[in-house]
Amino acid sequence: MDTKYIFVTGGVVSSLGKGIISASIGKLLQARGYKITIQKFDPYINIDPGTLNPYEHGECYVTVDGMETDLDLGHYERFTGIHTTRNNSVTTGRIYKTVIDRERHGDYLGKTIQVVPHITDEIKRRMLREDEHDEHLDFVITEVGGTIGDIESAPFMEAIRQLRWQLGRDAVCVHLTYVPYLKAAGELKTKPTQHSVKELQGMGIQPDILVLRTERHLDDHVRMKVASFCNVDLECVVQSEDLPSIYEVPVSMQRQGLDAAILRKIGIPVGETPAMGPWHDFLDKQRGAVREVHIGLVGKYDLQDAYKSIRESLNLAGIYNDVKAKLHFINSEEITSRNVTEKLEGLSGVVICPGFGQRGIEGKIVAAEYTRTHDIPTFGICLGMQMMVIEFARNVLGYKDANSREMDSQTPHNVIDIMEEQKNITQIGGTMRLGAYECELLKDSRVYEAYGEVTLIKERHRHRYEFNNAYAKEYEAKGMKCVGVNPAANLVEIVEIPEKRWYIGTQFHPEYSSTVLHPHPLFMSFIKACI
């Protein structure tokens with residue numbers, strides 16, 4: 001069968017959950033045996049979110065091939081288990097840069113370069129994934145960031161309009177809108193949805209399917225009203241109510257026939273509804289997990305999306321261990337040696353979070369010392385692992401001035417340092433170790449056991465500074481073991497203190513490869529220790 005294309009757009013307000021709907025559609029089509037991918041087109045001009053503050057755009061998610069991307073790609077991977085790549089995350093910045101580079105190269109033979117057709121052609125090329133020749137896909141789901149009516153998303157809408165004509169029945173447009181409830185009037189209001197659809201129609205796009213985001217159940221009368229005013233079949237008006245968990249969304253969408261409506265629009269026989277047994281088993285486990293385990297997240301970004309993948313990885317591992325992971329954010333800027341006992345009181349485990357820069361690191365070091373000396377299960381990720389290493393150097397090896405070259409370029413004990421070959425690179429994005437790298441595990445270590453006695457693993461990185469191997473023997477002698485090493489560059493990837501209940505730091509980001517049906521083994525092992 002030829003590849004089919006599904007475009008997911010949003011209207012009325014942002015943050016409606018287009019990423020969750022896109023991931024749910026992907027999951028439902030996958031359950032029917034189709035090969036899918038999901039891609040995100042973001043209208044901002046940054047080349048990628050790598051240089052964005054998490055307060056701007058939530059966490060930065062890294063793909064296996066080392067692309068810094070939007071957090072929605074995390075949802076796509078967690079729901080479907082697919083591996084996304086740099087081709088699954090496209091920004092206006094990347095589109096324009098490609099076109100401008102071509103123009104400078106003379107590829108347009110002296111023509112005037114315009115938004116239409118040159119920018120829209122490049123958008124279409126990427127939406128059709130014309131660079132991807134290695135695998136056949138049954139469905140390509142494309143989510144467009146932002147809201148209908150935003151100036152910056154106009155070229156994307158024009159590209160979708162053109163593709164709808166070009167592809168005919170092979171393309172479907174799913175539009176997600178919001179139906180607010182006015183408490184004073186006691187009514188649900190469909191007018192914003194009608195306006196949003198009208199705006200889309202004004203751009204030449206008639207949505208095939210409407211997903212109505214709502215905090216209250218919509219009766220058939222409301223759905224019929226929307227269907228008749230928006231020229232959409234009643235069976236193609238689906239509601240996305242607030243649910244106890246985002247992982248309930250695919251099941252709710254399937255119950256309302258969203259996947260069946262998409263297949264009918266494209267002209268594919270619908271067939272039997274897949275049972276999705278493992279997904280339902282997971283949801284049953286989630287509903288049954290009542291006992292709470294309290295985990296502290298020690299970091300500097302006080303917002304949910306900054307550590308999105310870590311939070312989800314802890315939640316998933318909790319569910320598979322039959323507990324509810326109750327997460328508590330502890331601002332590392334506010335932690336001191338005087339108040340650390342009070343700050344970490346009542347926690348069964350602590351995650352020392354990743355990050356960049358100086359702010360809040362001394363608090364992370366104080367937290368690492370407290371959890372080490374009080375034998376509280378501790379998981380340090382990336383910068384978190386480096387803080388565990390610095391704490392150990394200061395308080396066990398006796399180097400009171402130990403630090404990372406990132407924080408103190410003059411430190412005499414640079415237990416964390418930049419790699420030699422990166423010292424001359426000045427561009428911020430260029431000095432990072434990004435994407436999946438191999439790591440050899442030491443047998444008889446806790447991580448070796450956690451990974452199911454596998455000696456070679458592959459995990460994703462996003463960092464610039466490394467453990468300084470010149471100090472490795474001293475660490476080993478005093479009880480902090482280097483139990484995971486990159487075989488190609490001999491870089492230390494994992495440290496652990498075996499005599500503690502669970503005290504492990506990883507230079508990589510295990511949270512990027514934890515999915516709903518395959519929770520990450522390190523998070524599983526950590527939660528077990530916390531219980």
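For this chain, numbers begin at 1 and follow the sequence in order. Heavy atoms only: backbone and side chains are in, while hydrogens, waters and symmetry mates are out. Everything numeric in this text was worked out from a predicted model, so none of it was measured.
Looking only at distances, no side-chain donor or acceptor of T378 sits under 3.5 Å from a matching main-chain atom of V350. Looking at D219, its side chain does come within 3.5 Å of a backbone N or O of V222 through a donor-acceptor pair. Between the side chain of Q30 and the backbone N or O of T80 there is at least one donor-acceptor pair closer than 3.5 Å. Under the 3.5 Å distance criterion, the side-chain polar atoms of D65 are matched with a main-chain donor or acceptor of R86. The backbone N or O of I47 sits less than 3.5 Å from a side-chain atom of T91, completing a donor-acceptor pair. Formation of a donor-acceptor pair under 3.5 Å by the Q507 side chain with backbone atoms of M385 is not found in this model. A distance-only check finds no donor-acceptor pair linking the side chain of T214 to the backbone of H217 [under 3.5 Å]. In terms of modelled atom types and a separation under 3.5 Å, the side chain of N88 and the main chain of T85 share a donor-acceptor contact. A donor-acceptor pair under 3.5 Å links the side-chain atoms of Y61 to the main chain of Y512, judged by distance alone. Between the side chain of R460 and the backbone N or O of V62, at least one donor-acceptor pair lies under 3.5 Å.
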- request: Starting from the C-alpha separation in whole Å, work towards a yes-or-no answer on ring-ring contact (aromatic ring centres under 6.0 Å, His included) for H520 and Y451.
  value: CA-CA 9 Å; H520 195 283; Y451 276 99; 5.6 Å; yes

- request: Give the intermediate values and the outcome of ring-ring contact (aromatic ring centres under 6.0 Å, His included) for residues H509 and H461.
  value: CA-CA 6 Å; H509 288 261; H461 292 248; 8.1 Å; no

task: Apply side-chain hydrogen bond (donor to acceptor under 3.5 Å, both in side chains) to Q162 and E158, showing your working.
output: CA-CA 6 Å; Q162 292 179 25; E158 173 57 21; 2.8 Å; yes

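Under 4.0 Å is where a charged nitrogen must lie from a carboxylate oxygen, and between D242 and R213 at least one such pair does. Between R169 and D2 there is no salt bridge, since no side-chain N of the basic residue sits under 4.0 Å from a carboxylate O of the acidic one. In this structure, R125 pairs ionically with D131, as a charged nitrogen and a carboxylate oxygen lie closer than 4.0 Å. Ion pairing of K124 with E122 is absent here, as no side-chain N (NZ or NE/NH1/NH2) approaches a carboxylate O to less than 4.0 Å. Between D72 and K40 a salt bridge is recorded (basic side-chain N to carboxylate O distance below 4.0 Å). Ion pairing between a basic and an acidic side chain is recognised when a charged N comes within 4.0 Å of a carboxylate O; E241 and R216 show no such pairing. Remark: R287 engages E248 in a salt bridge, criterion side-chain N to carboxylate O under 4.0 Å. The residues R32 and E272 are annotated as not salt-bridged, no charged nitrogen and carboxylate oxygen being separated by less than 4.0 angstrom. Ion pairing between a basic and an acidic side chain is recognised when a charged N comes within 4.0 Å of a carboxylate O; R291 and D322 show no such pairing.
Ring centroids of F229 and H195 are separated by 6.0 Å or more, keeping the two rings apart. Proximity of the aromatic rings of F282 and Y247 is defined here by a centroid distance below 6.0 angstrom, and this criterion is met.
Side-chain atoms of T84 and E77 include a donor-acceptor pair closer than 3.5 Å.
Put simply, the side chain of I38 does not reach to within 4.5 Å of the side chain of V140, judged on heavy atoms. Looking at heavy atoms from C-beta onward, E511 lies in side-chain contact with F523 at the 4.5 angstrom threshold.
Classification of the F379-W502 ring pair by plane angle, with boundaries at 30° and 60°, yields perpendicular.
A cation-pi arrangement is absent between R78 and Y76, since the terminal nitrogen or guanidinium carbon is not both under 6.0 Å from the aromatic centre and inside a 45° cone about the axis.
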